[in-house]
Amino acid sequence: MQSLIFDRVSFAYAGGDEILRDVSLALTPGWTAIVGDNGAGKSTLLALAAGALTPTAGHVRRHAMGCVAVVPQRVDALDAAVRGFAEADDADAARWRARLGLAPEALGRWAVLSPGERKRWQLGAALAREPDLLIVDEPTNHLDAEALARSVDALAGFRGLGLVVSHDRGLLARLPAVTVRVHGGQATPWAGGYDDARAAWTAAAAAAHARRAALGATRRLEERRLHQARTREQAAARAVGGSARIKDRHDADGRSMGRKNLASWAAAAAGRAVDRAHGRLATAQAAEAAVVVERARGAPVQVVAGAAARRWLVQLDAPIVCAGDRVVARDVRVAVARDDRIWLRGGNGSGKSTLLAALAAAWTLPAEALVVLPQELTADACVALGAAVRRLDRAARGQVGQLAAALGIDPARALGSALPSPGEARKLALALGLARRPALVMLDEPTNHLDLPSIERLEVALAAYTGALVLVSHDERLGAALATTTWELGRGQLRVR
């Protein structure tokens, strides 16, 4: 039977700390979800499984596996696998293209295809190979509702051994039979989908906290007992010296050899009691230290809006808005007020990112009053982002670091990496922008690549933000929670409701 074995695997990038440490897993056919905080090592675990990375220690063994297909997290490049899939004229390729709603002629427009369309091409190219091991990193990023349903149905029909990293709770509830949590350098398997697994590890963490608290109480009791034993030992030592034993200069009994012997025996017994108390305390300390408890990462994020110089922050009056030579919308006349909360909706490829870029191009207020988070950050953009944060003065860098830490990453670790993970880079970009106290925040699929706790914290922060917000998102829950106005883009028209 096919299997994927991690045998005491550790991994560290050159010159860095270990990301994974002594990981042992035995995975069999079916879907296994890989979950964890941004930067915890999920993508590294996938790369080790695929053979793209070699463990620093231990071994990864793939039994009875021929073809290994990988769907990467990034959608920048048009690779040979996607091109071959588009050009293939066999029935299987045609069936997968039809199932995922893909037209080969669209590949010529790759540069202007939406990230959601590119992601479907990546998925189709991988599934058409009928791999034994399918590794998928964030398969639902960028997908609209229809594309999401198509893609999840396609993945659900896969019968090999699948590994998936995702923050989509619907997918994580449907696909996996096992959920592996990557946390603190470890990778621990839990039975079931994300909800069941999370309930199990939360209960285990609560039990560990309770056990640690009980052992802490025992340790404090033994500390008090040791103090009492030392006090008695000190009193017994003074008695041996005589000053405490002899009542006055007429106390002949106090000077007797018997009384001296009794005092010495009492002092020895007190010393043994101290030794026993030391031993009990050492045992209690070791037991307490052996119970590892999790430290919560992240905190509530506070986003402060800057003062807006005027009521209408930006206006767009355009006969046409185009993506390349394709018309996205005609007769666009919209404006964003300083207290607007706008949800920009539309299917993959409808032109939402293009419209957002047109709004940004129409901005005439100071540049620092506008924050735009694009749907994807290229590798070059991630490198430039880290450099921009490192160039800040100490106070500004500290503020960005606090916001990044509140979103759930270690800013020093993210900045210390030559190429932060997409999730880490996204949080750094958010932190850098929000620290400027903008009057308008425009976010294009802000939850892409973020772990689930970070999404929840960001939602709370944006709900409390008093400035203007334009949100592009396929996340129904997020849009409904944050927006009061909806812009619907499709079929060359922008409708406001």
Side-chain angles (χ1 to χ4, degrees), residues 75 100-103 106 109 112-120 140-152 168-170 311-363 370-376 439-448 450 455 458-459 462-463 465 467-497:
V75 294
L100 290 168
L102 301 169
R109 297 186 291 106
V112 295
L113 288 182
S114 72
E117 291 172 300
R118 296 180 187 182
K119 179 60 71 175
R120 277 185 286 143
T140 62
N141 273 358
H142 321 292
L143 299 185
D144 59 30
E146 180 184 355
L148 176 63
R150 286 176 182 256
S151 299
V152 174
D168 186 316
R169 279 174 282 192
R311 170 167 172 71
W312 297 103
L313 301 179
V314 61
Q315 294 177 309
L316 180 61
D317 188 349
I320 59 171
V321 175
C322 295
D325 58 358
R326 181 172 65 91
V327 175
V328 167
R330 299 181 184 276
D331 299 321
V332 177
R333 292 179 176 84
V334 291
V336 180
R338 62 188 171 208
D339 56 355
D340 274 346
R341 318 278 295 181
I342 297 164
W343 182 12
L344 175 54
R345 305 185 64 181
N348 287 143
S350 60
K352 301 183 298 299
S353 298
T354 299
L355 183 63
L356 213 62
L359 272 174
W363 183 260
L370 172 66
V371 166
V372 181
L373 180 70
Q375 188 170 167
E376 278 297 310
L440 171 60
V441 174
M442 299 202 299
L443 305 177
D444 196 349
E445 296 294 352
T447 62
N448 282 352
L450 297 191
I455 292 172
L458 183 62
E459 181 179 327
L462 293 176
Y465 172 60
L469 174 69
V470 179
L471 173 70
V472 175
S473 181
H474 295 304
D475 188 323
E476 295 283 333
R477 176 178 171 180
L478 187 71
L482 297 179
T484 56
T485 301
T486 300
W487 293 358
E488 193 79 38
L489 184 60
R491 298 184 178 180
Q493 287 188 318
L494 178 64
R495 302 173 184 85
V496 179
R497 55 183 176 84

Intermediate values then yes/no, side-chain contact (heavy atoms from CB on, under 4.5 Å), E376 and R118: CA-CA 12 Å; E376 278 297 310; R118 296 180 187 182; over 6 Å; no
field: Distance-minimising heavy-atom pair for V472 and P446
entry: O-CD, 3.5 Å
- prompt: Would you find more than 12 non-hydrogen atoms of other residues, nucleotides or ligands less than 6.0 Å from D325 atom CG?
  reply: no
- line: Between W343 and A480 the two heavy atoms that sit nearest each other are CZ3-N, 3.7 Å
query: Would you find a donor on one side and an acceptor on the other, under 3.5 Å apart, between the side chain of R120 and the backbone of G101?
result: yes
task: Scan V334, L471, L494 and name whichever one has a side-chain contact (heavy atoms from CB on, under 4.5 Å) with L344.
output: L494
field: Smallest separation among heavy atoms of L316 and A362, with atom names
entry: CD1-CB, 4.4 Å
- prompt: From R495 CZ over to Q493 CD, what is the distance, rounded to the nearest 0.5 angstrom?
  reply: 4.5 Å
message: To the nearest 0.5 Å, what is the distance between CG on D340 and OG1 on T485?
response: 5.5 Å
statement: When rounded to the nearest 0.5 Å, the distance separating CG of L143 from NZ of K119 is 8.0 Å
- request: Apply side-chain contact (heavy atoms from CB on, under 4.5 Å) to the pair W363 and V372, showing each step before the final yes or no.
  value: CA-CA 11 Å; W363 183 260; V372 181; over 6 Å; no
- request: State, to 0.1 Å, how close A481 and E459 come at their nearest heavy-atom pair, and which atoms those are.
  value: CB-OE2, 3.5 Å
Shortest non-hydrogen separation from R150 to L100 and the atoms involved: NH1-C, 3.7 Å
message: Please report the interatomic distance CG(L482) to CD1(I342), rounded to the nearest 0.5 Å.
response: 13.0 Å
task: Identify, with sequence neighbours excluded, every residue that meets side-chain contact (heavy atoms from CB on, under 4.5 Å) alongside R109.
output: A106, V112, L113, R326
message: Rounded at 0.5 Å granularity, tell me how far CG in L458 sits from CG in L443.
response: 7.0 Å
Compile the donor-acceptor pairs under 3.5 Å between side chains in residues 346-355 and protein atoms, sequence neighbours left out, one pair per line.
{"from": "N348", "atom 1": "OD1", "to": "D144", "atom 2": "N", "distance (Å)": "3.1"}
{"from": "N348", "atom 1": "ND2", "to": "H142", "atom 2": "O", "distance (Å)": "2.6"}
{"from": "N348", "atom 1": "ND2", "to": "H474", "atom 2": "NE2", "distance (Å)": "3.4"}
{"from": "S350", "atom 1": "OG", "to": "G347", "atom 2": "O", "distance (Å)": "2.8"}
{"from": "K352", "atom 1": "NZ", "to": "G346", "atom 2": "O", "distance (Å)": "3.0"}
{"from": "K352", "atom 1": "NZ", "to": "G347", "atom 2": "O", "distance (Å)": "3.1"}
{"from": "S353", "atom 1": "OG", "to": "Q375", "atom 2": "NE2", "distance (Å)": "3.1"}
{"from": "S353", "atom 1": "OG", "to": "D444", "atom 2": "OD2", "distance (Å)": "2.5"}

- request: Check the pair E488 / T486 against side-chain contact (heavy atoms from CB on, under 4.5 Å), numbers first and verdict last.
  value: CA-CA 6 Å; E488 193 79 38; T486 300; 4.1 Å; yes
message: Are the side chains of L148 and D168 in contact, using a 4.5 Å heavy-atom criterion?
response: yes
Least distance between heavy atoms, G467 atom then R341 atom: O-NH1, 3.5 Å
field: Spacing of CG belonging to L440 relative to CG belonging to L469, to within rounding of 0.5 Å
entry: 8.0 Å
